[in-house]
2 protein chains.
Amino acid sequence: MQRYFTITQLTQEFDITTRTLRFYEAQGLVSPNRRGRQRLYTPGDRTRIKLILRGKRLGFSLNEIKEMIEMYGSAPGEAGQLGLLLERISFRRDELLEKQRDIELTLLELDEVEEGAKARMAELGAKVRMEND
Amino acid sequence: MQRYFTITQLTQEFDITTRTLRFYEAQGLVSPNRRGRQRLYTPGDRTRIKLILRGKRLGFSLNEIKEMIEMYGSAPGEAGQLGLLLERISFRRDELLEKQRDIELTLLELDEVEEGAKARMAELGAKVRMEND
DNA sequence: TCGCCTTTTTACGTTAAAGTCAATACATCT
DNA sequence: AGATGTATTGACTTTAACGTAAAAAGGCGA
């Protein structure tokens with residue numbers, strides 16, 4: 001007994017529109033079953049959607065995301081294919097590691113700006129206290 | 001004595017086109033000086049460009065990047081402004097932390113796929129060795 | 001000064017990722 | 001059966017972020 005999700009359930013859960021889900025389907029990123037004309041999404045489809053959204057948050061294009069998702073389900077394949085797969089994995093990993101470094105730097109800078117702002121807040125507070133004396 | 005960069009120097013250093021730099025200028029993300037009609041970028045402009053590219057790698061839009069860059073140079077300002085600034089900082093920080101988690105997960109998944117692929121490679125290798133006996 | 005090269009400006013084109021709108025089609029409630 | 005509400009499909013539109021092409025303006029070496 002497969003549990004199915006309707007399109008609207010998923011749009012509500014992930015805060016996206018039906019247009020978006022149909023678009024992803026047209027791009028070959030998900031392929032839900034049908035009952036008549038209605039789309040029925042399996043739990044597997046749902047996790048694919050999660051992967052897509054995660055990829056988007058990281059700034060990957062839908063095409064890149066598609067490639068990555070296809071890596072996950074890639075069939076056994078022969079040596080050449082496997083080599084290509086390994087190459088792609090290492091490429092993506094490098095990208096992700098770079099993003100990690102970028103995030104670290106940005107977080108540090110945010111810390112600095114925040115400190116500055118807090119310091120100025122404190123100054124303002126001191127001024128106000130002086131004026132109220 | 002200010003050291004200046006020409007537009008082509010920067011396009012080569014960052015592997016972007018002049019069109020891109022002029023576009024960023026039109027969007028108010030950088031504003032290089034001019035000598036006649038020519039653009040002259042200061043080291044400060046250059047670091048702004050670095051920030052922009054870093055933001056792009058993380059999937060931020062140019063508008064978001066602009067907002068973030070403006071945070072950096074934000075003038076002292078009064079309490080309300082500072083409060084808003086602090087809010088924005090914490091919002092961006094949350095986003096970045098989410099991206100960090102997304103990256104961790106993706107890296108773990110890549111590890112899994114890689115292990116699978118390597119295992120299959122090993123199997124293939126074993127097969128080949130058997131056939132050559 | 002001439003010719004060549006680079007830069008700038010202006011304008012139009014393109015691509016990804018949806019948004020919007022209209023026409024049907026199903027399903028359900030009454 | 002009729003009304004109502006939700007899904008689907010197809011077509012057209014929009015927005016961000018540039019690409020591309022053409023024309024004019026300097027700059028510079030011979």
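Numbers restart at 1 for each chain; the letters A, B, ... are given by sequence-line order, proteins then strands. Because the structure is a prediction, the values reported are computed rather than measured.
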Validation: residues 44-51 of chain B side-chain donor-acceptor distances under 3.5 Å, sequence neighbours left out:
| from | atom 1 | to | atom 2 | distance (Å) |
| --- | --- | --- | --- | --- |
| B:D45 | OD2 | B:T42 | N | 3.0 |
| B:D45 | OD2 | B:T42 | OG1 | 3.3 |
| B:R46 | NE | B:E13 | OE1 | 3.0 |
| B:R46 | NE | B:E13 | OE2 | 3.2 |
| B:R46 | NH2 | B:E13 | OE2 | 2.6 |
| B:T47 | OG1 | B:G44 | O | 2.8 |
| B:R48 | NE | B:L29 | O | 3.1 |
| B:R48 | NH2 | B:L29 | O | 3.3 |

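Applying the side chain to side chain donor-acceptor pair (under 3.5 Å) test to B:R101 and every residue at least two apart in sequence or in another chain returns nothing. For B:R19, there are no side chain to side chain donor-acceptor pair (under 3.5 Å) partners, not counting sequence neighbours. Checked against salt bridge (Lys or Arg N to Asp or Glu O under 4.0 Å), B:R22 has no partners two or more places apart in sequence or in another chain.
Distance CD (A:E25) to C1' (D:dT9): 12 Å, rounded to an integer number of Å.
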Which nucleotides of nucleotides 1-17 of chain C have their base under 4.0 Å from a protein heavy atom (B), which only their sugar-phosphate (S), and which neither (-), written as one string 5' to 3'? ------SBB-------B

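For residues 79-90 of chain B, the set of pairs meeting the side chain to side chain donor-acceptor pair (under 3.5 Å) definition, not counting sequence neighbours, is empty.
When each of A:R35 and A:T17 is assigned the nucleotide of DNA chain C bearing its nearest heavy atom, the one mapping closer to the 5' terminus is A:T17.
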